[in-house]
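To start, the structure itself, in structure tokens.
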Amino acid sequence: MESFAYANPATVEEAVGQLAAQWGEADVLAGGTDLISLMKENLHAPRRVVNIKNIKALEGIRKTAAGLRIGALVTMDELAKSALVLAGYRALAEAAAGIPSPQIRHMGTVGGDLCQRPRCWYYRGGFGLLAMKDGKSLVPEGENKYHAIFGGGPAYFVSASSLGPALVALGAKVKLVSAKGAREVPVAQFFVTPKDGDTREIALRPDEILTEVVVPGAAVKSATYEVRQKTALDWPLATASVALEMNGTTVKSAKIVLGHVAPAPWDSPAAAHSLAGKQVTEATAEAAGKAAVADARPLSQNAYKVTLAKVAVKRALLNAVKG
Amino acid sequence: MKTMELRVTVNGQPRKWSIGPGDLLLDVLRREGFFGVKRGCEKGECGSCTVLVDGRAVNSCLMFAAKVQGCEVLTIEGLADGDRLDPIQGAFLDHGAAQCGFCTPGMILAAKWLLDKNPHPSEDEVREAMAGVLCRCTGYIKPVEAVLAAAKQPAKRATRKREPAGVAR
């Protein structure tokens, strides 16, 4: 690990004052589960690490007029167990609970989950975010078992965020703060699919800190279903988060978002549309799953993910109306 | 590298150490003689380096030592009360819940975290709590049985004598 200076700001103002206009100068440290891995591999070698863990304003979950306000430093463990989250935002609690070790849930934060870098083994192995060699990606003809089945490149990594799909389904926004001011960005636009190797996969700028997430208060039934190879210490192969606005027993409007299948959470309006005005049954849930993967374009080794994504949608829908 | 002063309570003893910003908690604890904190995968996957920070199980390989400023850290060395083993340690002995022993400190500390907040867990809750620690030799059945037994009979375990010392610190 390269040496660096360690800043311990007590306020957001002090913290953003430690950031820089370009990536590479400073990195924000919260739980550290991703940043330390990146620094160990020399994928990130910041000159300054800005520890935000002492900023009290970034903690806590509370109800506001705009909905549920979740501080960036809320841990996955707190999120999964929060009575407020469990009561109205089940998709989010289930996404957090899915992270499979108490140790990681105790350390990992909401902000860190959204800002973590992809787990793509080409990226982690030093081949760059898009794994380009001689002007073309190594992924389509390489080891692509865990890569994207949507999006069509040139980015083939999958978004590693566990909360992203649930937050997109629930219509959440993130607040990004820099020394120049604050802006709110819908989570759906926070994740970006880079077209070149110099673009980040999130809309965060190098001089900004993600300070909170706001999830609107609309009454919806929601759920997240994740498919993993193992129940312990594993990343999901495919996930689905669904949020349903109901009209009695029929679906008024739906939001269906897949995870770990594309460089960003993958919203499927076709699947959502297929449910409008219908009850959620085995048959309609299965049809929604089919609609969600109709445009999937798997690579040489990951056609299995199409089936998993389809089933994840079906099971998430059935779980959402069950509870 | 620039150094900084770390004030931390380890196993009930206040400590003052000089550390570098990039020093990992795992490395600092081992440097200071807490060899029960095991260096495994160093990627937050195996859980052998598990310690409790302010009562919560964390991977010390994924944490800068600077992060525990002012915190209370518990390592396996701090679990026994003098000659009395912790009930979980006693149950691990009774059940032969270790083979090579490398993952055992992490397992016992993960169990300690669980039983502190949930003294009467179900088997599923025990398995969930231990999911962050990998064993590569004996498996998980004996450790899970040991934790369930420790939860059932705390009074008996509390008086059990420590076995002859292995590595003392």
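In this text, all values refer to a predicted model and were calculated from it rather than measured experimentally. Chain identifiers are assigned alphabetically (A, B, ...) following the order of the sequence lines, protein sequences preceding nucleic acid strands; residue numbering begins at 1 within each chain.
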Q. Is chain B contacted by the side chain of A:Lys230, its backbone, both, or neither, given a heavy-atom distance below 4.5 Å?
A. neither
Q: Examine whether an atom of A:Pro102 lies under 4.5 Å from a heavy atom of chain B, and if so say whether it belongs to the side chain, the backbone or both; otherwise answer neither.
A: both
Q.
For A:Ala30, is there any backbone N or O sitting under 3.5 Å from a side-chain donor or acceptor partner on B:Lys67?
A. yes
Q. Do the side chain of A:His106 and the main chain of B:Arg56 share a donor and acceptor less than 3.5 angstrom apart?
A. no
Looking at [atom1] of [X] and [atom2] of [Y], how far apart are the two atoms once the value is rounded to the nearest 0.5 Å?
{"X": "A:Asn8", "Y": "B:Gln69", "atom1": "CG", "atom2": "CD", "result": "7.5 Å"}
{"X": "B:Phe64", "Y": "A:Ile36", "atom1": "CZ", "atom2": "CD1", "result": "4.0 Å"}
{"X": "B:Asn59", "Y": "A:Ile104", "atom1": "CG", "atom2": "CD1", "result": "4.5 Å"}
{"X": "A:Tyr6", "Y": "B:Ile19", "atom1": "OH", "atom2": "CD1", "result": "8.0 Å"}

Q) Got A:Val49 and B:Pro21 here, is their nearest side-chain heavy-atom distance under 4.5 Å? A) no
Would you find more than 12 non-hydrogen atoms of other residues, nucleotides or ligands less than 6.0 Å from [X] atom [atom1]?
{"X": "B:Lys43", "atom1": "NZ", "answer": "no"}
{"X": "B:Glu72", "atom1": "CD", "answer": "no"}
{"X": "B:Tyr140", "atom1": "OH", "answer": "yes"}
{"X": "B:Glu5", "atom1": "CD", "answer": "yes"}
{"X": "A:Arg47", "atom1": "CZ", "answer": "no"}

(Q) Before you tell me yes or no, could you show the steps for B:Leu62 and A:Gln103 under side-chain contact (heavy atoms from CB on, under 4.5 Å), namely the whole-Å CA-CA distance, both residues' side-chain angles and the distance that decides it to 0.1 Å? (A) CA-CA 10 Å; B:Leu62 286 186; A:Gln103 287 90 330; over 6 Å; no
Q.
Given heavy-atom pairs under 4.5 angstrom as the criterion, report whether the side chain, backbone, both or neither of B:Leu114 touches chain A.
A. neither
**Q.** Proximity breakdown for B:Glu42 and chain A, heavy-atom pairs closer than 4.5 Å
**A.** both
Q: For B:Glu45 and A:Ser101, run side-chain contact (heavy atoms from CB on, under 4.5 Å): C-alpha distance rounded to whole Å, both residues' side-chain angles, the deciding distance at 0.1 Å, then the answer.
A: CA-CA 9 Å; B:Glu45 290 170 6; A:Ser101 106; over 6 Å; no
Q: Between chain A and each of B:Cys61, B:Gly47, B:Ala110, count heavy-atom pairs under 4.5 Å; write down the option with the most.
A: B:Cys61
